[in-house]
Asker: 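Can you keep this structure in mind? I'll have questions shortly.
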Amino acid sequence: MSVYEPNSRHLREVLIFCFNMKKSAAEAHQMLSNTYGEATISERTCREWFQRFKNGDFNVEDRHSDGREKVFEDAELEALLDQDSCQNQEELARSLEVTQQAISKRLQVVGMIQKQGNWVPYELKSRDVTAFVCL
């Protein structure tokens, strides 16, 4: 007897079936877990798909054909901040065509925080400290 490993598309199609049967996302997740065990998706993912279905989006295809987010260089992000340090994360994400979460992670990695509406280094360098002392 072979063991069937469900793919993402199959699980999403099963979620549509559960949605049409008026099951909750939690009930659908429980059914998937009982049937497929560890090979299933999380309850949170079920809730996200149920929200799409409620919004009328029944497309079960992956949104990104290769499954990967667009990669951008920190230099691109820093160049945008040099142009206008008052941009918020959503504006930066739109400019670079990535998610806001990707921007947030990269800003943390490069050590930038927003203070009074401007992106600044989290830790001042010694030359910056000296400049403030001279004022």
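Numbering starts at 1 and runs along the sequence shown. A quick note: this is a predicted structure, and the numbers were derived from the prediction, not measured.
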Asker: Show, in sequence, the C-alpha distance, side-chain angles and deciding distance for Leu15 and Leu32, and conclude whether the side chain to side chain contact (heavy atoms under 4.5 Å, CB included) test is met.
Answerer: CA-CA 9 Å; Leu15 285 178; Leu32 289 172; 3.8 Å; yes
Asker: Would you give the length of the straight line joining atom CZ of Arg106 to atom CD of Gln101, rounded to the nearest 0.5 angstrom?
Answerer: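 So the CZ of Arg106 and the CD of Gln101 are separated by 14.5 Å.
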Asker: Quick one: CD1 on Ile16 to CZ on Arg52, what's the gap to the nearest 0.5 Å?
Answerer: 11.0 Å
Asker: Indicate, with yes or no, if the rings of His10 and Tyr36 have centres closer together than 6.0 Å.
Answerer: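 Yes, the ring centres sit under 6.0 Å apart.
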Asker: Counting only N and O atoms by type, is there a donor-acceptor contact under 3.5 Å from the side chain of Ser104 to the main-chain atoms of Gln100?
Answerer: no
Asker: Test Glu91 against Asn88 for side chain to side chain contact (heavy atoms under 4.5 Å, CB included), laying out the working first.
Answerer: CA-CA 5 Å; Glu91 293 167 333; Asn88 62 33; 3.2 Å; yes
Asker: Is the CZ atom of Phe58 crowded by more than 12 outside heavy atoms at less than 6.0 Å?
Answerer: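 Yes - once you tally the heavy atoms of other residues, nucleotides and ligands closer than 6.0 Å, there are more than 12.
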Asker: In Å and rounded to the nearest 0.5 Å, what is the CD to CH2 distance from Glu13 to Trp49?
Answerer: 10.5 Å
Asker: Rounded to the nearest 0.5 Å, how far does OG of Ser24 lie from NE2 of His29?
Answerer: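 Answer for the NE2-OG pair, His29 versus Ser24, is 11.5 Å.
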Asker: Grab the two heavy atoms, one from Ala28 and one from Cys18, that are nearest each other, plus how far apart they are.
Answerer: CB-CB, 3.7 Å
Asker: Walk me through whether Leu80 and Glu76 qualify under side chain to side chain contact (heavy atoms under 4.5 Å, CB included).
Answerer: CA-CA 6 Å; Leu80 282 175; Glu76 293 177 271; over 6 Å; no
Asker: Do the non-hydrogen side-chain atoms of Ile41 and Cys46 ever get within less than 4.5 Å of each other?
Answerer: yes
Asker: Check whether any side-chain N or O of Asp57 sits under 3.5 Å from a backbone N or O of Asn59 as a donor-acceptor pair, and report yes or no.
Answerer: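 Indeed, once roles are kept as given, a pair shorter than 3.5 Å links the two residues.
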Asker: In plain terms, say whether Arg94 and Glu90 are close enough for a salt bridge, that is, a side-chain N and a carboxylate O under 4.0 Å apart.
Answerer: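 Salt bridge flag = no for Glu90 with Arg94.
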Asker: Rounded to the nearest 0.5 Å, what separates atom CZ in Phe17 from atom NZ in Lys23?
Answerer: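 Atom-to-atom, Phe17:CZ and Lys23:NZ are 8.5 Å apart.
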Asker: So, Glu48 and Arg44, do they make that salt bridge, N to O below 4.0 Å?
Answerer: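 Arg44 and Glu48: salt-bridged.
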Asker: Has Thr35 got a side-chain atom pairing as donor or acceptor with Met31's backbone, closer than 3.5 angstrom?
Answerer: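 Confirmed, Thr35 side chain pairs with Met31 backbone.
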Asker: CG of Leu92 to CD of Gln87: how many Å apart, nearest 0.5 Å?
Answerer: 4.5 Å
